[in-house]
Amino acid sequence: MPPTFSALSTPDGPIPAGQPAWNRQRPSRMPSHRYRDVYTRVEVPLAEREWPARRITEAPLWVPVDLRDGNQALPEPMNPERKRRFFELLVAMGYKEIEVGYPSASKTDHDFVRLLAETGLAPADVTIVVFTPARRDLIERTVASVRGLANPVVIHLYTATAPVWRDVVLGRDRAELGGLIDAGARDVLELAGDVAGVRFEFSPEVFNLTEPDFVLEVCDRVTTRWDATPERPVVLNLPATVEVATPNVYADQIEYMHRHLARRDSVILSVHPHNDRGTGVACAELAVLAGAQRVEGCVFGNGERTGNVDLATLALNLHAQGVDPKIDFSAIDEIRRVVEHCTGLPVPARHPYVGDLVHTAFSGTHQDAIKKGIAAHAARAAALGVAPERAPWEVPYLPVDPADLGRTYDEVIRVNSQSGKGGIAYLLQTRYGLDLPRRLQIEFARAVQRATDDSGTEIEAKELYELFTAEYLEPGRSGGEPVAPGADLNRETAVLPDGTTVAYVETRTGWGVGIAASAEEATAQALASAAVRARS
């Protein structure tokens with residue numbers, strides 16, 4: 001039987017000694033004592049670090065692993081048609097190195113690699129990566145799958161190295177595991193070392209929980225065994241296979257390896273963060289500051305448990321800082337549709353950059369700022385004599401221009417009970433050309449608030465226009481004599497794109513709205529509207 005709320009809560013009592021009065025948090029009943037922090041699980045030897053002072057000024061080499069690591073995490077793995085469609089998408093986006101499968105573990109993966117070898121599906125400048133454990137029979141099958149590939153190939157060898165994996169999963173001590181890794185590297189070299197265009201990659205799986213001296217030892221042994229050179233570099237991929245620490249710890253671990261690896265000029269230092277703590281993106285960014293040159297992940301972060309690092313977020317974070325990500329996300333909705341089709345997984349509405357609602361404001365204060373920001377951007381572009389999509393972007397609440405991603409401004413502002421006059425006015429202006437006077441914006445916002453409070457739902461632009469018509473125009477068109485304007489008359493007018501004028505007036509007896517061919521006619525309609533409203 002699940003615990004009741006009262007069983008979960010802790011009783012009130014005196015504030016613990018030494019705790020400030022404003023912080024009334026008390027110990028929970030969660031068994032946090034069962035877990036150890038990362039510093040008691042693995043040595044983090046770097047004391048003086050350089051990465052905090054660095055900046056990212058160019059994109060790393062991106063390597064999508066959706067077709068292998070992402071695919072193995074799907075409830076329904078991709079069939080050949082979906083796998084091919086995903087590969088074609090990755091190529092079209094500009095990825096130059098793509099991990100395509102685990103040929104020794106799956107007939108589908110093996111057959112897909114053979115498809116690449118026997119067709120022109122992969123452009124000549126795209127490097128194909130295949131994945132294998134350090135076991136000779138599986139290495140043989142992997143090497144056989146890439147025979148005949150005209151593309152550059154990377155054979156990716158991996159073995160788990162962390163203590164819990166050594167003890168519980170592999171049943172080997174450090175010396176035995178080091179020998180197994182060396183034997184796997186020797187087998188790869190024997191079976192594929194003379195194949196033109198083939199390079200090698202090694203991943204000490206669970207690197208982030210492996211003793212630094214051991215992981216350095218096995219990595220240096222592998223680069224020596226493979227005779228890494230600047231002309232034929234080895235990829236050393238250092239995964240945060242299960243994320244267990246704050247991102248600064250991973251950065252320290254990467255910088256330690258960056259500083260101490262042998263043959264550093266012959267190594268492409270790669271990272272493969274996961275997202276168990278929800279900080280995979282931060283881990284990857286800090287790792288690049290710490291010396292990583294290559295990042296493995298999935299386009300929208302699919303992967304085991306909480307996923308691999310999200311390559312779209314990483315790339316577009318660079319774009320938002322003025323750095324070319326080298327990958328094309330200018331049709332992001334089409335990219336999302338293909339990924340969702342291939343994986344069967346929906347992209348959440350609040351997913352960074354790509355979600356349906358990431359450029360949408362419902363809050364009135366946000367809407368007002370965005371409306372003014374977009375207007376200021378258009379004016380700035382005109383002053384510079386450039387198209388709006390080429391002008392520097394500075395609009396509140398929108399870190400990137402939705403147009404950069406192939407989106408319009410149609411969904412930037414949407415209206416519900418949280419919205420204000422700015423968002424309402426923006427929708428009527430952009431959809432119907434109604435540039436409402438400010439006083440009318442304020443007045444109409446009250447009517448919209450009443451309607452949305454009653455319904456509890458979002459209101460569409462068409463419904464806004466119908467509400468505006470019913471609220472203001474129909475009473476004025478139903479008859480009535482204009483009232484004589486008094487000394488306290490307020491009038492605001494705005495000319496619409498079609499040349500007609502909207503007028504808002506306030507008289508001693510009330511207010512009204514009119515739309516007509518001229519300001520005079522619109523004012524007369526508004527006065528008639530005010531008279532009718534006063535009698536109703």
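Predicted model, so just to flag it, every value in this text is computed and none were measured.
- Between the side chains of His341 and Arg82, no donor-acceptor pair is found at a separation under 3.5 Å.
- Residue Thr241 comes nearest to Val206 through the heavy atom pair OG1-N, 2.7 Å, listed as atom of the first residue, atom of the second, then distance.
- Here Arg186 does not pair with Glu190 in a salt bridge; the nearest charged N to carboxylate O distance is not below 4.0 Å.
- Judged by distance alone, the side chain of His260 and the main-chain N or O of Tyr256 form a donor-acceptor pair under 3.5 Å.
- Between the CZ atom of Arg84 and the CG atom of Leu115 there is a distance of 5.5 Å, given to the nearest 0.5 Å.
- Looking at heavy atoms from C-beta onward, Leu261 lies in side-chain contact with Leu216 at the 4.5 angstrom threshold.
- Salt-bridge formation is detected for the pair Asp333/Arg407: a Lys NZ or Arg NE/NH1/NH2 atom is positioned less than 4.0 Å from an Asp or Glu carboxylate oxygen.
- Between the side chain of Arg166 and the backbone N or O of Thr161 there is at least one donor-acceptor pair closer than 3.5 Å.
- The pair Asp187-Arg135 does not meet the salt-bridge criterion, since no charged nitrogen lies less than 4.0 angstrom from a carboxylate oxygen.
- Closest of all the heavy-atom pairs between Ile139 and Leu191 is CG2-CD1, 3.8 Å.
- For Glu389, the CD atom is densely surrounded, since the number of other residues' heavy atoms within 6.0 Å is greater than 12.
- Arg263 contributes no side-chain N or O that, together with a main-chain N or O of Asp220, makes up a donor-acceptor pair within less than 3.5 Å.
- No side-chain heavy atom of Tyr353 sits under 4.5 Å from any side-chain heavy atom of Phe300.
- Looking only at distances, no side-chain donor or acceptor of Arg68 sits under 3.5 Å from a matching main-chain atom of Tyr102.
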Check the pair Arg259, Glu255 against salt bridge (charged side-chain N to carboxylate O under 4.0 Å, His left out), reporting the backbone distance first and the verdict last.
-> CA-CA 6 Å; Arg259 287 196 201 176; Glu255 185 169 327; 2.6 Å; yes

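- Between the side chain of Asp252 and the backbone N or O of Pro45 there is no donor-acceptor pair closer than 3.5 Å.
- Taking a cutoff of 4.0 Å between a charged side-chain nitrogen and a carboxylate oxygen, Glu217 and Arg221 qualify as a salt bridge.
- In this structure the side chain of Thr159 reaches within 4.5 angstrom of the side chain of Leu180, judged on heavy atoms.
- Salt bridge annotation for Arg174-Asp213: present, with a cationic side-chain nitrogen under 4.0 angstrom from a carboxylate oxygen.
- With contacts defined as side-chain heavy-atom distances shorter than 4.5 Å, the pair Tyr39/Val249 qualifies.
- Between the Asp69 side chain and the Gly297 main chain, no donor and acceptor come within less than 3.5 Å of each other.
- Inspection of the Asn237 and Ser270 side chains reveals an N or O donor paired with an N or O acceptor under 3.5 Å.
- Under the 3.5 Å distance criterion, the side-chain polar atoms of Lys96 are left unmatched by any main-chain donor or acceptor of Asp125.
- Side-chain contact between Val146 and Val113 is present, with at least one heavy-atom pair separated by less than 4.5 Å.
- Heavy-atom neighbours of Glu76 CD from other residues, nucleotides or ligands within 6.0 Å: at or below the threshold of 12.
- With a 4.5 Å cut-off on side-chain heavy atoms, Leu177 and Trp165 do not count as touching.
- None of Asp310, Leu316, Leu311 except one satisfies the side-chain contact (heavy atoms from CB on, under 4.5 Å) rule with Thr313; the exception is Asp310.
- Residue Asn208 comes nearest to Gln253 through the heavy atom pair O-NE2, 2.9 Å, listed as atom of the first residue, atom of the second, then distance.
- For the residue pair Asn308 / His274, a side-chain donor-acceptor distance below 3.5 Å is found, with atom types taken as modelled.
- The shortest distance between side-chain heavy atoms of Leu157 and Val222 does not fall below 4.5 Å.
- Put simply, the side chain of Glu201 never gets that close to the backbone of His156: no donor and acceptor are under 3.5 Å apart.
- Here the closest heavy-atom approach between residue His272 and residue Val65 is recorded as CE1-CG2, 4.2 Å.
- Within the 4.5 Å cutoff, no side-chain heavy atoms of Thr132 are placed close to those of Arg141.
- Atom-to-atom distance recorded for Asn71:CG and Asn79:CG is 9.5 Å, nearest 0.5 angstrom.
- Between the side chain of Glu340 and the backbone N or O of Val347, at least one donor-acceptor pair lies under 3.5 Å.
- Across every non-hydrogen atom of Val198 and Arg232, the tightest pair is O-NH2, 2.6 Å.
- The main-chain N or O of Gly70 is found under 3.5 Å from a side-chain atom of Asn302 such that the two form a donor-acceptor pair.
- A tilted orientation is assigned to the rings of Phe200 and Trp226, their planes being inclined by 30° to 60°.
- To the nearest 0.5 angstrom, Arg114 atom CZ is 12.5 Å from Lys107 atom NZ.
- Minimum heavy-atom separation, Arg294 to Val129: NH2-CG2, 4.4 Å.
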